[in-house]
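Letters A, B, ... mirror the listed sequences (proteins, then strands); counts begin at 1.
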Amino acid sequence: MTIMYSLDLLGSFAFALSGAILAIRKNMDLFGIFVLAFVTAIGGGTTRDLLLGDTPVFILTEPIYIYISIIASLLAFLFYRALIRINSVILLADALGLGTFVCIGVSKALAADVSFAGAVILGLITAVVGGIIRDLLANEIPAVLMRDFYAITCIGGGIIYVLLHNHGIPQNFVMLSSAGFVILLRVLAIRFNWCLVRVHSNTTGSL
Amino acid sequence: MTIMYSLDLLGSFAFALSGAILAIRKNMDLFGIFVLAFVTAIGGGTTRDLLLGDTPVFILTEPIYIYISIIASLLAFLFYRALIRINSVILLADALGLGTFVCIGVSKALAADVSFAGAVILGLITAVVGGIIRDLLANEIPAVLMRDFYAITCIGGGIIYVLLHNHGIPQNFVMLSSAGFVILLRVLAIRFNWCLVRVHSNTTGSL
Amino acid sequence: MTIMYSLDLLGSFAFALSGAILAIRKNMDLFGIFVLAFVTAIGGGTTRDLLLGDTPVFILTEPIYIYISIIASLLAFLFYRALIRINSVILLADALGLGTFVCIGVSKALAADVSFAGAVILGLITAVVGGIIRDLLANEIPAVLMRDFYAITCIGGGIIYVLLHNHGIPQNFVMLSSAGFVILLRVLAIRFNWCLVRVHSNTTGSL
């Protein structure tokens, strides 16, 4: 679980960066940048916990996600141009986060005795709702609704998790396979330009 | 309750169709179509359960709503033009769903000991929040905010439910009266073009 | 607590007015006006209670917030022009509400054993989420994301609350200091035009 936790923090940081970058593009001020960073990083996990009834939600008890969002906001505010140049590094961190978020969502769902389809949906929600709220706040149609492949990858990772889990495979291997599937597909999609150059945005321009 | 459950599924299906149709109009891909179908079908009920604290919410434990949304998405994707032509059939299913959703919302509220006005509001939320989330995701001002009559009908149905319930009328009759009121007013509104030709949309064009 | 409760109702009323006024600007009908008034008044407190798991949320058990929103909607509908003219009175009521909302949010968070940063965030959420939902429903980028000072004030008030509380200061004095700080800064900002003429709107024009 320590590896999962590290990946979770890294992924949250990458998600926060994508929110901060969109906020800067939209000419938001420092507080707007923080809000977009924060909701992108924690929107999926918070929605997951609300749907499961796991309250107080983690953002209130684990302040590290708030600090991660503050750091990402300041970095994006100060080094916007440099960040855009290391686009592929951010995309990789984003991919690691995506795979991890799917796994955590499905794993929490299974622990709460939900249905097969419900667990897959909760993994998907954990992975994509943060980006959806980010885009709504920036007054754009959520990018994920326009890009099938991003979400289908998360659904695939969730199905792999539930299938392996139901066959009694040890949890470490289940997580590795599911997250690995999502991360590998994302990296391939980025490497070979499968339908997207940009992380989390439907505006024109790089990243 | 079996009749209510059938109407609930039928209404969810009609709501899902309205979401899928809006997604197609907005040039979304298959995943975007599914998301809009799904949130329209389950957004109201999920918000209702969250506000009551009834978790894990039903979408995680009852996968049928996920399957209904998948079927509605595929149907809309494959037979968009044919669906537009049977507009009035969809509008009727939508009306049946609306009446049912109001009843289920008010009934759950009363079981949770909320106030009179709170119960009416929860019936309204169950009926309209799915459509509001659908319109937000499509980057439109929610249609229901521009169309008084749709929402007023739900409020009327909710008030009838609480009044009859508080006078000790048997529940079957209460539900029949309340849902019947909403369905009848909706059907009349559609038949005589009371302020709306379209189910759930503020774009121009039929449906 | 009676003073806090009075300020809470007054603030909810001012927030409801700001929602109703935006709805009228957006040419919404009476129901749309009510919805925007209602979500602005209760959106922050409802999100706070959901995140804490304090359900059924207060709007279902305390109908007074529904009645306040109905009255604010009718007043805005009937006396729109007059309300615009007493802009500064509404701004003052809004400032009183803002300070009170921050205090109630932080106070509930501390009672639920959340982290320092979590408590400050919950105070902020209680104060600003209603306005954010209002702006989303009106299809605008939330005004608070474009106006640093409004939110920074809430964060400052929240930090003061937690710091004084952790040093064992009596709660009445803590609340007075925290709410007083927010209210004073808001009043000064309005008086000296620190970055905003408008209460809750990013459209051009007064209020």
Side-chain angles (χ1 to χ4, degrees), chain B residues 46-57 105-106 108-129 131-156 158-159 162 194-196 202-203, chain C residues 16 19-20 22-43 45-71 73-74 76-77 112 129 132-142 203:
Chain B
T46 303
T47 306
R48 174 199 65 213
D49 286 0
L50 287 178
L51 295 175
L52 288 171
D54 183 6
T55 52
V57 298
V106 176
K108 279 199 133 184
L110 292 175
D113 257 340
V114 311
S115 68
F116 186 125
V120 174
I121 287 283
L122 202 65
L124 175 67
I125 285 173
T126 309
V128 305
V129 164
I132 288 177
I133 300 177
R134 174 201 61 205
D135 293 346
L136 286 180
L137 290 176
N139 207 7
E140 303 202 345
I141 291 188
V144 70
L145 301 183
M146 301 298 195
R147 280 182 333 182
D148 273 8
F149 195 71
Y150 194 86
I152 301 292
T153 305
C154 299
I155 295 173
I159 292 174
V162 182
W194 291 349
C195 82
L196 72 166
N202 51 9
T203 60
Chain C
L22 179 59
I24 291 173
R25 280 218 196 93
K26 291 274 170 175
N27 296 316
M28 291 182 188
D29 239 322
L30 196 50
F31 177 72
I33 296 170
F34 165 71
V35 170
L36 254 68
F38 187 56
V39 300
T40 312
I42 59 87
T46 303
T47 306
R48 175 199 65 213
D49 285 1
L50 287 178
L51 295 175
L52 289 171
D54 184 5
T55 53
V57 299
F58 71 100
I59 50 168
L60 298 176
T61 49
E62 298 177 46
I64 190 163
Y65 297 93
I66 300 173
Y67 300 132
I68 282 177
S69 305
I70 292 174
I71 293 167
S73 306
L74 291 174
F77 186 72
V129 165
I132 289 177
I133 300 176
R134 175 201 61 205
D135 294 345
L136 286 180
L137 290 176
N139 206 7
E140 303 203 345
I141 292 187
T203 59

Other residues, nucleotides, ligands: >12 heavy atoms within 6.0 Å of C:F77 CZ: no
Of all heavy-atom pairs linking C:P56 and B:A112, the shortest is CG-O, 4.3 Å
Rounded to the nearest 0.5 angstrom, the CD1-CD1 distance for B:I121 and C:I66 is 4.5 Å
Interatomic distance, CZ@C:F34 vs CD1@B:I152, rounded to 0.5 Å, equals 9.5 Å
Closest heavy-atom pair, B:V144 versus C:F31, reported as atoms and distance to 0.1 Å, is O-CD2, 3.6 Å
Cut-off 4.5 Å, heavy atoms of chain C, and the answer for B:L50 is both
### Query
What do you reckon, is CG of B:D113 surrounded by more than 12 foreign heavy atoms closer than 6.0 Å?
no
Under 4.5 Å to a heavy atom of chain C? For B:D54 that would be neither
Between B:G118 and C:L60 the two heavy atoms that sit nearest each other are O-CD2, 3.5 Å
Closest non-hydrogen contact found for C:T55 with B:G53 is OG1-CA, 3.1 Å
Residue from C:L137, C:L136, C:T61 scoring the most non-hydrogen pairs under 4.5 Å with chain B is C:L137
If one checks every heavy atom of B:L52 against chain C at 4.5 Å, the contacting part turns out to be both
Exactly one candidate in C:D29, C:I33, C:V35 meets side chain to side chain contact (heavy atoms under 4.5 Å, CB included) with B:L145; the answer is C:V35
Honestly, the part of C:Y67 sitting under 4.5 Å from a heavy atom of chain B is side chain
